[in-house]
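Here the structure is a predicted model, which is why all the values come from computation and not from measurement.
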Amino acid sequence: MKAIVIGAGVVGVTTAYYLRAAGVDVTVLDRLEAPADETSFGNAGQVSPGYAAPWAAPGIPWKAMKWLMSEHAPLRIRPDGTFFQLAWMARMVANCTEAAYARNKSRMVPLAEYSRDCLRDLRKDLNLHYEERSLGTLQIFRNDKQLAAGRRDSGLLDQMNVANQVLDQDGLLQAEPALKAVAHKLTGALLLPNDETGDCKLFTERLAAICVEMGVHFRFGVTVQSLVAEGKRISAVELDSGETLNADSVVLAAGCASRALALPLGLDLPVYPVKGYSITVPLTNPEGAPRSTVLDETYKIALTRFDNRLRVGGMAEVAGFDKRIDPVRVDTLNMVTNDLFPHAGDLSKASKWTGLRPMTPDGTPIVGSTPYDNLFTNTGHGTLGWTMSCGSARVIADTVLGRRPEIDARELSMARYAKGNARIHEGSKTSGQIKWAD
């Protein structure tokens with residue numbers, strides 16, 4: 001069997017690995033010049049199944065309105081002139097109910113937990129290292145209202161058998177001694193002891209090198225122009241150079257670019273680019289830095305310890321494909337770093353980065369089959385691309401090969417957005433039209 005994987009971020013590379021490990025002849029296509037050069041490049045460094053939760057949550061619409069007036073708000077919205085942006089935000093607001101939040105979280109956490117376990121197996125089997133740590137995530141709260149919400153989340157995690165512990169001020173200092181100087185600003189924390197951290201870019205590069213040794217063919221600097229459909233199958237992948245490639249199966253793992261490639265086929269993937277920021281700070285005082293990841297609930301910013309660096313990332317801008325770095329957002333990252341770990345590193349030497357996260361309105365990635373027999377999607381992971389990458393890749397590899405995935409993945413595919421069954425309208429061979437029946 002031959003497969004084409006479109007996208008060489010962490011999701012695409014892990015997909016290529018599991019397909020190749022199962023004996024599939026794999027080619028990976030990416031428009032950039034190296035693996036993990038876009039969204040996977042500078043993420044917050046978390047493998048955080050315990051924090052796998054949708055951004056669409058009860059109270060978010062009201063919070064968003066207040067954030068519009070805040071200098072250091074975790075969310076910014078700027079119209080991009082498209083109807084899709086408005087429709088996507090409306091869908092997200094519709095998911096901000098208690099019932100939808102619980103449903104979406106119950107989809108995300110099992111995938112994230114499975115993915116972390118797959119990552120651990122991968123690390124052991126391949127002796128793969130990427131500045132990893134297995135010391136958990138500490139979600140810190142600055143007021144009693146946040147702490148109460150943390151207790152509610154703890155209850156949901158208990159129902160899903162996810163290890164967690166709500167900590168008071170003394171408990172959070174035992175978990176993270178470097179916060180002692182700022183303990184008076186904090187009311188408590190939620191500890192997720194089974195979460196992990198590491199450099200996603202380094203992980204993806206090293207796994208890609210292993211994939212090459214296994215026989216995976218990477219083609220960088222090539223842009224997929226279109227997917228050619230004949231009836232219920234993708235018959236070819238066309239590059240902008242005019243070259244045509246053929247494969248038995250095609251996996252769409254192109255992050256924010258996935259929707260544009262799927263739309264001419266009649267597949268309306270609700271994947272929107274939500275911009276995030278990070279800075280990477282060289283450590284000058286390792287004892288003043290966090291042991292693992294500290295997640296500031298107020299600003300939605302994660303501070304993650306690498307070997308000799310501190311990665312500080314977060315925030316969200318709903319503004320289309322704009323990748324310009326806003327210095328005001330960098331100022332927020334600097335502010336939170338100084339506020340929590342003022343003596344950890346040299347902010348004057350920090351590198352700055354921004355990237356577009358492929359987000360769905362319900363927070364759950366779109367992983368699985370499509371109405372086309374040989375087209376599969378592995379996209380829409382939002383802020384949890386690395387967290388869910390290995391598990392999503394295993395699910396896709398099993399699905400491509402006609403095997404039952406090891407976890408229940410039925411609600412991960414795009415079918416959850418359908419009001420009825422899919423139907424295919426026979427049309428031109430260059431863009432077979434598939435619509436969801438009303």
Smallest separation among heavy atoms of [X] and [Y], with atom names:
X: S292; Y: G136; answer: OG-O, 2.6 Å
X: L261; Y: A254; answer: CD1-CB, 4.5 Å
X: T39; Y: P358; answer: CG2-CD, 4.3 Å
X: K105; Y: A52; answer: NZ-O, 3.3 Å
X: V47; Y: T387; answer: CA-OG1, 3.4 Å
X: A16; Y: C211; answer: C-SG, 4.5 Å

Is the closest side-chain heavy-atom distance between [X] and [Y] below 4.5 Å?
X: E38; Y: D30; value: no
X: L267; Y: L252; value: no
X: T244; Y: V228; value: no
X: F321; Y: L356; value: yes
X: V294; Y: F341; value: yes
X: D362; Y: R107; value: yes
X: V222; Y: S241; value: no
X: L122; Y: Y17; value: yes

[X] side-chain N/O to [Y] backbone N/O, donor-acceptor pair under 3.5 Å:
X: S106; Y: R103; result: yes
X: K352; Y: T280; result: no
X: T197; Y: E132; result: no
X: T399; Y: S369; result: no
X: T379; Y: A253; result: no
X: R20; Y: M214; result: yes
X: K275; Y: A319; result: no
X: T370; Y: L375; result: yes
X: S154; Y: G150; result: no
X: R116; Y: D195; result: no

Option passing side chain to side chain contact (heavy atoms under 4.5 Å, CB included) with Y417 (candidates L269, D268, T360):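 Between Y417 and the candidates, side chain to side chain contact (heavy atoms under 4.5 Å, CB included) is satisfied uniquely by T360.
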
Given L190, which partner from the list N164, L295, I140, L138 fulfils the side chain to side chain contact (heavy atoms under 4.5 Å, CB included) test?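 Result for side chain to side chain contact (heavy atoms under 4.5 Å, CB included) with L190: N164.
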
Interatomic spacing from [atom1] in [X] to [atom2] in [Y] - rounded to 0.5 Å:
X: T332; Y: H72; atom1: OG1; atom2: NE2; result: 5.0 Å
X: R404; Y: R410; atom1: CZ; atom2: CZ; result: 8.5 Å
X: D248; Y: M1; atom1: CG; atom2: CE; result: 6.0 Å
X: D408; Y: L412; atom1: CG; atom2: CG; result: 8.0 Å
X: D199; Y: R311; atom1: CG; atom2: CZ; result: 5.5 Å
X: E176; Y: R291; atom1: CD; atom2: CZ; result: 6.5 Å

Using the salt bridge (Lys or Arg N to Asp or Glu O under 4.0 Å) rule, take R123 and E196 through it: C-alpha gap first, then chi angles, then the decisive distance, then the call. CA-CA 12 Å; R123 187 166 64 229; E196 300 189 357; 2.9 Å; yes

Any luck finding a side-chain donor-acceptor pair between [X] and [Y] under 3.5 Å?
X: Y114; Y: E406; answer: yes
X: Q139; Y: E297; answer: yes
X: T304; Y: Q46; answer: no

NZ/NE/NH1/NH2 to OD/OE distance under 4.0 Å, R78 and D322: yes

Residue from R329, R76, R324, K323 passing salt bridge (Lys or Arg N to Asp or Glu O under 4.0 Å) with E317: R329

Test side chain to side chain contact (heavy atoms under 4.5 Å, CB included) on M160 and E113 and set out the steps. CA-CA 10 Å; M160 291 179 277; E113 291 263 303; over 6 Å; no

Chi angles and distances behind the side chain to side chain contact (heavy atoms under 4.5 Å, CB included) call for V271, S258: CA-CA 8 Å; V271 176; S258 299; 5.5 Å; no

Whether Y130 and W386 hold their rings parallel, tilted or perpendicular, with breakpoints at 30° and 60°: perpendicular

Once ring-ring contact (aromatic ring centres under 6.0 Å, His included) is applied, do any residues pair with Y272, and if so which ones, sequence neighbours excluded? F84, W88

What do the steps show when you test F203 against L119 for side chain to side chain contact (heavy atoms under 4.5 Å, CB included), and what is the final call? CA-CA 10 Å; F203 167 83; L119 173 62; 3.5 Å; yes

Assess whether side chain to side chain contact (heavy atoms under 4.5 Å, CB included) is satisfied between I60 and W55, documenting all intermediate values. CA-CA 8 Å; I60 287 295; W55 281 52; over 6 Å; no

Could you give me the CA-CA distance, side-chain angles and deciding distance for E243 and R219, then say whether salt bridge (Lys or Arg N to Asp or Glu O under 4.0 Å) is met? CA-CA 13 Å; E243 183 180 0; R219 294 189 59 181; 2.9 Å; yes

